[in-house]
Every structure is written in structure tokens, then in C-alpha cells.
Amino acid sequence: MKNDSKFMDRLTNYITYKMTPVLMKVFNRPTLNIIKNSMVNIMPFILFGSVMLLVSLLGTTSMGTEKPILPFLSNYADSIGLMNSLSMGFMTLYFSVSIGINYANEYDLDRTNSALISLMAFIMINIDKIVDGSIDVSTFGAAGLFPTMITSILALKIYKVFIQKNIVIRMPDGVPPAVGAAFSSLIPFATVGILYWFARTILQLDIMNIMRTLLDPIFSGADNIIIFTFYGFFSKLLWAFGIHADSLFQGILDPLKLTWIAENGAAKVAGQSMNHIWTTALERTCLWTGPVLGLLVLLLFSRLKHLKTFSIASFPAAFFSIVEPVVFGLPVVMNPMLIIPFVLSGTLGAFFTYGACQLGVLAKPFIELPWATPPVIIGFIASGDWKYILATILNVALGALIYYPFVKAFEREEEMRIEGEIIDK
């Protein structure tokens, strides 16, 4: 027992004093925070577009039925689908504006000018010609997210240098502030516009296509069972030591998941096979069901009244994937009795659920939903496959099974603690 305690102490000290500072330094950099906040800002467009995609598909046979589920929508399916194209299909356009606003918030710049210069950079680097009054908007969707992060932030860095070095047109006193701000931005606007126009139109550098080609190995390689399982393990390990892993990795994973779900949605509409598995719906089906809901199910039948009461009080939040009350309130964090099953149930749940989807037992999701959608229905809604309900229940059962001996030990420890407090009194 002493050796186990010494091991836990060494592991705790390593994660707390060695690993955590490095992770915080890497993932809490200003640029990643800007990207993370910008992704949050455009979620309403994405969720709205996903709902419209689902509604439009209900008027077709794309849901795997012989007849449309809602026949009265058949004549309007294309029109409703247009709302998806103008929201999810234009997500990178909105994303560029959001990057400008969050960049301005981070560096105390003019928000309007920052949003506009980021938008201009996006347009200049994407469009090199207009044919018969039309432009190519293929890069306005999820495929342009990662290139836009770089091109927009580069444009904003140029703008920041001009402002901080005072390389601007100064208007005389008495000129309205809005007019003065517009003229002060003229030089950086012109510089960014000419640079990006020259690169795209004169040099014919299709930066979006070049970057997508370079990033394709990441896009195609990251979505696999090994990386997803490792993420299940590593994220739960960090949570077990008090680090909010979901927030930590959000700036990197969200653009990837949105790209994958958008590609799945486009493939579904086109009647093609979908290539991606790692989605928000898959995460919520397996990454928290065993570690939290499985634990709460056991505590619901605990012989200790305060643990049973805790389970009842925590269930409503946990049902919507709000796990902080359990992780920090029970707590699971730094609890040697619960850390092992917490990490193990999340890891095994990730492996088995991803594997089921990869083998075709579960359908691949193609709809993006809010992360707080109850796990028992999120996969079903996102894919149209009822077996996700069963997968969620099995993950909860798996978690409860893994937790069982550890919870019994935890209960004994709690009883000893309570008896000790009574004796002291």
C-alpha cells in the first residue's frame, strides 16, 4: 500500500509540476486562444446549418428510407438545404471576421477595423477572378479553416505593426472619431490588400490549395482509432489531476472536427460514402458516459447516504455532459481510489465506440450538435442510427463495471473517515 502511495505521489508531482506548466505554456498562447474563441463565436452558424441540413434530408431518401420521412418537405429540400450552404458552407467567411474581433480584443486594437482587415485578407487570398459575375466559393466552407487561421492572423499582425509603429494617416483635431479611425487604417488596409492581391492574382499562388495539400496528411491521419483512444486516455488523465483538458485542446481539435463533420455532411447530401468518424457526437457517446455516468449509477445505489444524495444531485448536469460537479465536487481529481477507473473507462469507451463505427456497426455522424446534447440521443440525431442509444447505455454499463471494486474501496474509506470524525468529536 505504501509503494502504491509513493507511486501516486510521484505521478501527481510529475503531472502537477512538470507536465502541467509545459502544457499551459504551449496551449494557452494568445494565438490559440484567439482561434479557440473564434471557433466558439461561429458555432451558432454551424449548429443552425446542421439543423437545416437534417431538415432538408428528411424530405429526401438520403436517410436510408424508401420514401422521405417527411414527404411534404420534398419540394422544399433544396431550398432548405441552401440555408446549410449559406451557414456551414460559408463558415470560414464568418470565421475570418471572428478572428479579427478576437485578435483586437487580445491586443487592444480597433475591433471594427480588425474584423474588416481580416475579412479583406480572406477575400483577397481566395478570389483571383470573377467569371460572368460569379466567384468560386469552394474555399468558404470548412476546407478553408486552417489556411484562414494563418492568412488572417498574418494580416492582423501587419495591421498591428502599423498601428503600434504609428505608421498611419493622422487627421486634424475636430474630425469625427469614426472618420479618423477610417483614415488611420488606410495605410495598413492598402498594404495588406495589395500584398494578398499580388500573391493570389499576379503570382497565382493558390495558398488555400497549397496549405490544404500540406495539411492533408494531418486531416486524413489524425482521425484514427489509435489517436482517438490516446486522446481518451490522455484527456482523462489530465482531468484526473485538475486540468480542464477539453478546453486545453479545443483550439486544435475543433477546427479538425468541424472540417470532418462538414465533409461528412457534403458526402451525405451527394449520396457518397462518409470518411470521418471523430466527431462531437462520437466523443459525447463514449468519453464521458463511462467515467461520469457509470460512476453516478453506482453511487445511486451506495449504502452511504451522502454519496447517494450526491449522485442524485449531480445526475441532471451530467446528463447534459456537464461533468465538473462530479470531477471536482466528489471529487475524482487527485482521488487515488477513483483515478484509475476514471481514466480506464474513458480509454476503453473511446476504443470500443470508435471501433464499432469503423467496423460499420455504428453509422458515421454527419450533423454537428451542441456538446451539451444528452449523450443518449446525440449520436442518434447526428447519424440517424438508433444503435448509438445502445452504445451509450453499454458505455455507462462498462464504466459501472470498471468502477465497481474501486467504488467499494472508496465507500470503505469514506466510512472510516466518517467514523474518525465522530470519534474526534
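The structure presented is a predicted model; accordingly, all values stated were derived computationally and were not measured.
Judged purely by atom type and a 3.5 angstrom limit, Ser98 has no side-chain atom pairing as donor or acceptor with the backbone of Ile42. The closest donor-acceptor contact from the side chain of Thr373 to the backbone of Pro370 lies under 3.5 Å. With hydrogens and angles ignored, the 3.5 Å screen pairs a side-chain donor or acceptor of Gln204 with a backbone N or O of Thr201. Remark: the backbone N or O of Leu282 is not paired with any side-chain donor or acceptor of Tyr388 at under 3.5 angstrom. Ser345 places a side-chain N or O within 3.5 Å of a backbone atom of Phe342 that can act as its donor or acceptor partner. At least one donor-acceptor pair closer than 3.5 Å links the side chain of Ser56 to the backbone N or O of Leu53. Side chain of Asp385 to backbone of Ala363: a donor-acceptor contact under 3.5 angstrom is found.
A side-chain donor from one of Asn102 and Asn41 sits under 3.5 Å from a side-chain acceptor of the other. Counted by atom type alone, Ser235 and Asp246 present zero donor-acceptor pairs between their side chains at under 3.5 Å. Side-chain N/O atoms of Trp197 and Asp128 include no donor and acceptor closer than 3.5 Å. Defined by atom type and a distance below 3.5 Å, a donor-acceptor pair is present between the side-chain atoms of Asn126 and Thr139. Neither side chain, Tyr103 nor Asn37, offers a donor N or O lying under 3.5 Å from an acceptor on the other. A donor-acceptor contact under 3.5 angstrom links the side chains of Asp136 and Ser138, judged on distance only. For the residue pair Trp278/Glu283, the side-chain donor-acceptor check at 3.5 Å is satisfied. Using modelled atom types and a 3.5 Å distance limit, the side chains of Thr279 and Glu368 yield no donor-acceptor pair.
Looking at every heavy atom in both residues, Ser321 comes nearest to Trp371 through O-CZ3, 3.4 Å. Nearest heavy-atom pair, Ala262 versus Ala142, reported as atom, atom and distance to 0.1 Å: CB-CB, 3.5 Å. When all heavy atoms are compared, the tightest approach of Pro291 to Leu295 is O-CB, 3.8 Å. For Met274 against Ala267, the heavy-atom pair with the smallest separation is CG-CB, 4.0 Å. Smallest separation of non-hydrogen atoms from Ala391 and Leu362: CB-CD1, 4.1 Å.
With values rounded to the nearest 0.5 angstrom, Asp78 atom CG is found 9.5 Å from Thr60 atom OG1. Distance OG1/Thr289 to CZ/Arg284: 10.5 Å, rounded to 0.5 Å. One finds the CG atom of Leu253 at 7.5 Å from the CZ atom of Phe249 (value rounded to the nearest 0.5 Å). The line from CD1 of Ile163 to CG of Asp110 is 8.0 Å long, rounded to the nearest 0.5 Å.
A side chain to side chain contact (heavy atoms under 4.5 Å, CB included) with Phe95 holds for exactly one of Val97, Ile99, Leu93; it is Ile99. Among Cys357, Ser273, Ser383, the one residue that satisfies the side chain to side chain contact (heavy atoms under 4.5 Å, CB included) test with Lys364 is Cys357. Checking Asp223, Thr285, Asn224 one by one against Tyr354, the side chain to side chain donor-acceptor pair (under 3.5 Å) holds for a single residue, Asp223.
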*Would you please test Thr353 and Asn395 for side chain to side chain donor-acceptor pair (under 3.5 Å) and show each step?*
CA-CA 8 Å; Thr353 308; Asn395 275 315; 3.1 Å; yes
*Leu293/Phe315 under side-chain contact (heavy atoms from CB on, under 4.5 Å): CA gap, chis, key distance, verdict*: CA-CA 8 Å; Leu293 291 176; Phe315 240 111; 3.8 Å; yes
*Test side-chain contact (heavy atoms from CB on, under 4.5 Å) applied to Arg200 and Met124, step by step*: CA-CA 7 Å; Arg200 182 69 184 97; Met124 290 290 183; over 6 Å; no
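In this structure, Lys129 does not pair ionically with Asp206, as no charged nitrogen and carboxylate oxygen lie closer than 4.0 Å.
Ring pair Phe122/Phe140: centre-to-centre distance below 6.0 Å.
Ring pair Phe189/Tyr159 is perpendicular by interplanar angle, where above 60° counts as perpendicular and below 30° as parallel.
Taking 4.5 Å as the limit, some side-chain heavy atom of Met88 sits within range of a side-chain heavy atom of Ile261.
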